[in-house]
There are 2 protein chains.
Amino acid sequence: MELRTLRYFVAVAEELHFGRAAARLHMSQPPLSRAIKQLETDVGAVLLHRSAAGVTLTPAGAALLDEARTLLDQADRVRARVAAAAGVATITVGILGDSADRGATRLAAAYRRRHPGVEVRIRDTDLTDPTCGLRAGLVDVALTRGPFDETGLTVHELRADPVGAVLRADDPLARRDRLKLADLADRRWFQFPDGTDRIWQSYWNGGEPREGPVVRAVQECLQAVLWNGTVGMTPLGHDPPEELAVVPLIDMAPSRVVAAWNEGDANPLIRSIVQIATAAYRD
Amino acid sequence: MELRTLRYFVAVAEELHFGRAAARLHMSQPPLSRAIKQLETDVGAVLLHRSAAGVTLTPAGAALLDEARTLLDQADRVRARVAAAAGVATITVGILGDSADRGATRLAAAYRRRHPGVEVRIRDTDLTDPTCGLRAGLVDVALTRGPFDETGLTVHELRADPVGAVLRADDPLARRDRLKLADLADRRWFQFPDGTDRIWQSYWNGGEPREGPVVRAVQECLQAVLWNGTVGMTPLGHDPPEELAVVPLIDMAPSRVVAAWNEGDANPLIRSIVQIATAAYRD
DNA sequence: TGGTGTCGATACCGTACGGGTATCGTCGCC
DNA sequence: GGCGACGATACCCGTACGGTATCGACACCA
């Protein structure tokens with residue numbers, strides 16, 4: 001008899017319908033049926049009458065429904081009490097400019113649900129430091145995009161996106177359905193400010209240092225393409241803005257969306273957010 | 001956060017020592033450490049300070065200890081309340097004469113712990129009916145020994161014992177360390193009463209019907225060997241009584257100790273007892 | 001009466017998690 | 001500085017949970 005099983009039972013007892021209960025629990029019907037049967041052998045009583053007419057509660061089932069509800073309520077309150085006893089917990093999350101995508105949105109929602117008492121500080125950073133200030137202690141955990149120098153950090157991959165070239169829509173290459181890096185060899189690129197992570201810089205400049213306008217944010221990259229006539233790279237998957245085209249680059253390694261934190265940082269809130277993020281990005 | 005995890009935490013918080021807590025929980029230390037760490041990321045707070053000096057509770061840990069104790073107490077009471085609502089549950093267990101071995105003893109203890117409110121009626125039966133009256137509805141579940149006619153029954157194996165020949169200690173064959181059935185071909189056997197299950201009869205008479213004294217119980221078999229000079233068969237593993245010897249029979253299929261119940265009987269108490277029996281006999 | 005649809009149960013499969021053993025890292029302590 | 005105690009880590013394995021496909025029972029309707 002575990003809390004999970006009791007949650008299952010409450011759902012079935014309230015819906016009086018295995019299929020609907022399974023939908024409510026975001027699972028399929030067979031494992032739910034099995035879990036309820038297991039619960040019945042565990043408590044040693046039939047909890048539900050199943051018949052073609054429908055599902056009804058037995059006296060034992062009615063009693064368990066009542067008991068389980070109060071038990072689950074109290075379990076929920078345990079979290080809040082522990083959080084209160086721990087004091088006001090704070091976690092600072094660094095988010096790289098372009099990472100506020102669907103995964104990050106869902107992560108925020110799921111995290112607030114799990115840790116309502118935790119004060120989350122978001123630090124939105126530009127492209128100068130892909131680690132969002134991890135090493136300087138400015139943030140506890142970074143939700144960012146690779147690749148970058150990982151020494152001293154623990155990095156957990158959330159997703160991997162193939163990348164494409166960003167071109168003006170009227171560029172001759174924009175009609176191609178795929179490109180190689182060599183196709184862009186004679187084009188102007190933008191460059192990153194001095195001090196930007198070397199690995200990051202080399203990846204997003206197509207493998208070599210470049211001359212060109214300096215950019216500090218994703219929006220600036222796109223503007224550079226539009227106004228300065230450069231080319232650039234961006235992860236696939238987002239619809240490009242008007243007047244720009246993104247063409248897959250087939251010889252570039254995918255760019256990883258990752259969670260990163262300082263090696264050895266024992267803060268459980270970090271582990272927790274990484275765990276939730278893994279689920280949120282899994283789709 | 002599951003009840004199991006909370007039980008683990010309470011053990012560690014009370015012992016303030018992972019190793020001792022693990023021993024108390026009948027598990028080893030590493031998975032316990034892992035479970036506690038997982039609980040910490042789950043609730044989002046450090047619960048224990050680990051240092052060489054020892055383990056101490058954080059404020060959050062102290063709060064959780066208190067909360068978890070009450071939650072676990074209530075969870076325990078849920079079982080009792082459900083049992084009460086289900087009314088006085090009764091289960092009749094048939095036990096074949098010789099099955100009151102260590103497994104059965106442990107089963108009884110474990111079952112009483114799990115279902116304190118259930119009235120268990122034991123029906124100890126002789127060898128005439130290896131199913132202990134299952135088909136007649138005299139018992140809900142039989143803890144017995146095979147082989148027997150299984151039509152209409154569901155049979156769950158608990159253990160398989162090799163069998164041996166029972167001989168008087170002064171029998172010339174008693175010195176052998178193993179025998180074949182053929183070695184006993186010219187000996188007198190006991191026989192079972194009319195109406196005894198055919199499969200059972202043929203197995204325990206060494207493959208063929210026999211002439212000889214009629215026996216109804218295990219003790220009578222042994223007496224028949226002593227007093228009537230017959231031979232017989234018995235499962236290995238028990239020390240034979242004084243003046244008798246048991247020699248392994250290498251060409252007999254092992255005899256299975258099983259739980260059996262009427263096919264389709266949905267009584268959860270049956271499922272439960274079978275489940276507990278499986279664990280109790282696993283050693 | 002036989003076809004059809006609904007719904008819970010069953011069968012089967014792949015993965016993930018909980019348990020195990022072996023070993024490491026760290027910190028007192030003699 | 002070597003040693004012992006103890007929690008953490010690494011790795012392996014079996015169970016159990018969740019998935020899909022299918023069955024069986026029953027009500028409803030033509």
Side-chain angles (χ1 to χ4, degrees), chain A residues 1-9 11-13 15-42 46-58 61 154 156 263-268 271 274-276 278-279 282-283, chain B residues 1-9 11-13 15-42 46-58 61 154 156 263-268 271 274-276 278-279 282-283:
Chain A
M1 197 179 80
E2 291 296 324
L3 293 176
R4 181 179 50 82
T5 320
L6 292 178
R7 275 186 255 276
Y8 289 1
F9 173 71
V12 177
E15 298 285 344
L16 291 177
H17 189 290
F18 279 77
R20 281 195 296 274
R24 189 170 123 184
L25 294 164
H26 305 295
M27 65 189 293
S28 59
Q29 169 259 322
L32 179 59
S33 289
R34 195 177 41 186
I36 299 297
K37 171 173 266 188
Q38 173 58 34
L39 179 63
E40 286 180 318
T41 87
D42 188 68
V46 176
L47 300 169
L48 300 162
H49 283 310
R50 293 89 156 161
S51 77
V55 174
T56 57
L57 284 170
T58 64
T154 305
H156 183 92
E263 212 170 284
D265 191 333
N267 185 344
R271 299 285 177 156
V274 172
Q275 205 165 287
I276 297 170
T278 305
R282 187 156 40 211
D283 266 355
Chain B
M1 197 178 79
E2 290 297 324
L3 294 176
R4 180 178 50 79
T5 320
L6 293 178
R7 284 194 196 93
Y8 288 2
F9 173 72
V12 176
E15 299 285 345
L16 291 176
H17 189 290
F18 279 77
R20 281 195 296 274
R24 188 171 124 185
L25 294 164
H26 305 296
M27 66 189 294
S28 59
Q29 170 259 320
L32 179 59
S33 288
R34 195 177 41 185
I36 299 297
K37 171 173 266 188
Q38 173 58 35
L39 179 63
E40 286 180 321
T41 87
D42 188 67
V46 176
L47 300 169
L48 299 163
H49 283 309
R50 293 89 156 163
S51 77
V55 174
T56 56
L57 285 171
T58 64
T154 305
H156 182 92
E263 212 170 283
D265 191 332
N267 186 345
R271 299 286 178 153
V274 172
Q275 203 165 290
I276 296 170
T278 305
R282 185 156 41 211
D283 264 355

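Numbered from 1 within each chain, the chains take letters A, B, ... in sequence-line order. Everything numeric in this text was worked out from a predicted model, so none of it was measured.
Between the side chain of A:Glu40 and the main chain of A:Leu47, a donor-acceptor pair closer than 3.5 Å is present.
In this structure, CG of A:Leu25 is placed 10 Å from P of D:dG18, rounded to the nearest angstrom. Taking atom CG of A:Leu48 as the reference point, atom P of C:dG8 lies 10 Å away to the nearest angstrom. If you take CD of A:Gln275 and P of C:dA16, they are 14 Å apart, rounded to a whole angstrom. Here the P atom of nucleotide C:dG18 and the CG atom of B:Leu39 are 12 Å apart, to the nearest Å. In this entry the distance linking NE2 of A:His49 with C1' of C:dG8 reads 16 Å, nearest Å. Here the P atom of nucleotide D:dC17 and the CG atom of A:Asp42 are 11 Å apart, to the nearest Å. Atom CD1 in A:Ile36 sits roughly 12 Å away from atom P in D:dC17 (whole-Å rounding). The distance from atom CD of A:Glu15 to atom P of C:dC7 is 12 Å, rounded to the nearest whole Å.
Contacts of A:His49 classified as side chain to side chain contact (heavy atoms under 4.5 Å, CB included), with partners at least two apart in sequence or in another chain: A:Thr56, A:Thr58. Shown here are the side chain to side chain contact (heavy atoms under 4.5 Å, CB included) partners of B:Arg34, two or more places apart in sequence or in another chain: B:Pro31. Take A:Ala13 and apply the side chain to side chain contact (heavy atoms under 4.5 Å, CB included) test, not counting sequence neighbours, and it matches A:Phe9, A:Leu57, A:Leu65. For the side chain to side chain donor-acceptor pair (under 3.5 Å) test, no residue two or more places apart in sequence or in another chain qualifies with A:Thr41.
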Mark up nucleotides 6-13 of chain D, 5' to 3', with B wherever a protein heavy atom is under 4.0 angstrom from a base atom, S wherever such an atom reaches only the sugar-phosphate, and - elsewhere.
-> SBBB----

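The salt bridge (charged side-chain N to carboxylate O under 4.0 Å, His left out) analysis of residues 17-32 of chain A, with sequence neighbours excluded, yields the pairs A:Glu14-A:Arg24, A:Glu15-A:Arg20, A:Glu15-A:Arg24.
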